Amino acid sequence: MKALYLAIALLAMTGCASSPGKPDVQKDALYQSLGGMPGIERLVDAALTQVHGDLRINLFFENTDLADLRRLLIEQICQASGGPCTYTGRSMEEAHSGMNLSEADFAAFVEDLIAAMNTVQLAESTQQQVLGLFGPMKPQVVGQ
Ligand code: HEM
């Protein structure tokens with residue numbers, strides 16, 4: 001019984017406690033798995049290359065300032081993965097308004113993202129977490 005109490009006490013101490021002043025290792029775990037800023041930059045570059053070559057959706061981007069989009073995507077992924085960035089772009093509804101994107105457009109975009117994640121050789125579990133960030137945004141992107 002004593003051993004059990006000890007185990008519980010140890011778990012309580014090490015489990016979720018984050019000591020003040022120390023960086024929260026949980027919060028930026030995905031950011032770290034992505035390889036921090038250089039890793040996110042590589043991922044966004046690979047994704048933009050993929051989208052650029054995708055005849056299903058690349059026309060949507062014909063009047064887009066790609067340097068601007070690149071910067072905003074990097075900020076967005078950095079912030080969403082717990083990294084030290086602040087996304088300065090528009091809301092997803094606003095950014096995609098007037099495009100009337102379909103489910104198929106969204107699926108093509110996700111396919112391109114997966115291809116990009118494979119190109120930069122992200123681990124399967126990291127890929128799942130990235131998809132977990134993007135998936136819930138679908139209602140804000142499609143049909144706007
Ligand atoms: C969850 C999925 C998506 C995310 C997270 C996302 C993210 C973003 C971000 C951060 C921006 C820049 C916002 C700004 O300009 O302030 C943007 C713009 C844009 N997105 Fe998406 N996007 C998604 C899906 C899509 C899809 C499926 C398409 C088309 C097939 C698309 C086409 C565009 C275009 C064309 C722009 C540029 C708009 C402009 O030039 O003003 N996006 N997106």
Side-chain angles (χ1 to χ4, degrees), residues 4 6-144:
L4 179 66
L6 185 64
I8 292 171
L10 274 175
L11 266 181
M13 279 158 63
T14 55
C16 1
S18 65
S19 7
K22 279 195 184 164
D24 190 343
V25 285
Q26 305 282 357
K27 185 186 157 279
D28 75 344
L30 179 55
Y31 176 75
Q32 298 301 341
S33 309
L34 287 168
M37 227 28 188
I40 293 173
E41 285 171 6
R42 275 196 299 275
L43 172 60
V44 169
D45 286 338
L48 287 175
T49 302
Q50 203 69 37
V51 166
H52 185 70
D54 187 340
L55 297 176
R56 295 171 298 179
I57 55 172
N58 61 4
L59 275 183
F60 285 113
F61 297 86
E62 67 180 345
N63 296 319
T64 296
D65 180 336
L66 288 181
D68 224 34
L69 180 62
R70 178 183 185 272
R71 179 178 55 80
L72 292 169
L73 284 171
I74 291 169
E75 281 178 8
Q76 191 186 36
I77 296 174
C78 172
Q79 176 173 308
S81 64
C85 309
T86 305
Y87 173 63
T88 59
R90 295 171 287 172
S91 73
M92 286 299 92
E93 286 94 336
E94 241 183 297
H96 302 92
S97 95
M99 292 187 208
N100 199 16
L101 294 174
S102 68
E103 294 271 340
D105 297 328
F106 190 85
F109 179 84
V110 170
E111 257 180 59
D112 291 342
L113 176 64
I114 293 171
M117 291 195 291
N118 284 326
T119 300
V120 300
Q121 299 184 319
L122 286 187
E124 182 60 33
S125 64
T126 307
Q127 296 201 13
Q128 290 306 324
Q129 290 174 65
V130 171
L131 293 176
L133 294 178
F134 280 72
M137 295 180 194
K138 186 162 86 167
Q140 292 137 48
V141 170
V142 167
Q144 301 295 326

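For clarity, every value in this text was computed on a predicted model and none was experimentally measured. Whatever order the structure lists them in is the order used to number ligands and atoms, beginning at 1.
Contacts with ligand 1 closer than 4.0 Å are made by no heavy atom of V142, backbone or side chain.
Atoms of ligand 1 found under 4.0 Å from any heavy atom of L72 (numbered from 1 in listed order, with element): 12 (C), 13 (C), 14 (C), 15 (O), 16 (O). Close approach of ligand 1 to I57 (heavy-atom distance below 4.0 Å) involves ligand atoms 30 (C). Near L73, meaning under 4.0 Å from one of its heavy atoms, ligand 1 places the atoms 7 (C), 8 (C), 10 (C). Against a heavy-atom cut-off of under 4.0 Å, G89 is close to the following atoms of ligand 1: 16 (O). If you number the atoms of ligand 1 from 1 as listed, the ones under 4.0 Å from a heavy atom of F106 come out as 1 (C), 2 (C), 27 (C).
The two residues R42 and V120 have their closest heavy-atom pair at O-CG1, 3.7 Å.
When atom types are taken as modelled, the side chain of Q144 and the backbone of N100 share no donor-acceptor pair closer than 3.5 angstrom. Y31 places no side-chain N or O within donor-acceptor distance of the main-chain N or O of I40, the cut-off being under 3.5 Å. In this structure a side-chain-to-backbone donor-acceptor pair under 3.5 Å is present from S102 to A104. Proximity of a side-chain donor or acceptor of H96 to a complementary backbone N or O of M92 within less than 3.5 Å is detected.
The protein heavy atom nearest to atom 32 (C) of ligand 1 is F61 CZ, 3.2 Å. In terms of protein heavy atoms, atom 35 (C) of ligand 1 is closest to F60 O, 3.2 Å. The shortest contact between atom 28 (C) of ligand 1 and any protein heavy atom is with L101 CD1, 3.4 Å. Closest to atom 40 (O) of ligand 1 among all protein heavy atoms lies T64 OG1, 2.9 Å.
Considering only residues two or more places apart in sequence or on other chains, N118 meets the side chain to side chain contact (heavy atoms under 4.5 Å, CB included) condition with I114, Q127.
Side chain to side chain, E75 and T88 meet the donor-acceptor criterion of an N or O pair below 3.5 Å.
Atoms CZ and CG, from F106 and L101 in turn, are 9.5 Å apart once rounded to the nearest 0.5 Å. Of the inter-residue distances, the one linking L133 atom CG with L30 atom CG reads 5.5 Å to the nearest 0.5 angstrom.
Here the side chains of K138 and E103 are in contact, with some heavy-atom distance below 4.5 Å.
Salt bridge status for D45 with R70: present, with a side-chain N to carboxylate O gap under 4.0 Å.
Note on atom 21 (Fe) of ligand 1: protein N/O/S atoms under 2.8 Å are H96 NE2.
Atom 16 (O) of ligand 1 has its nearest heavy-atom neighbour, among R90, Q144, Q140, M99, in R90.
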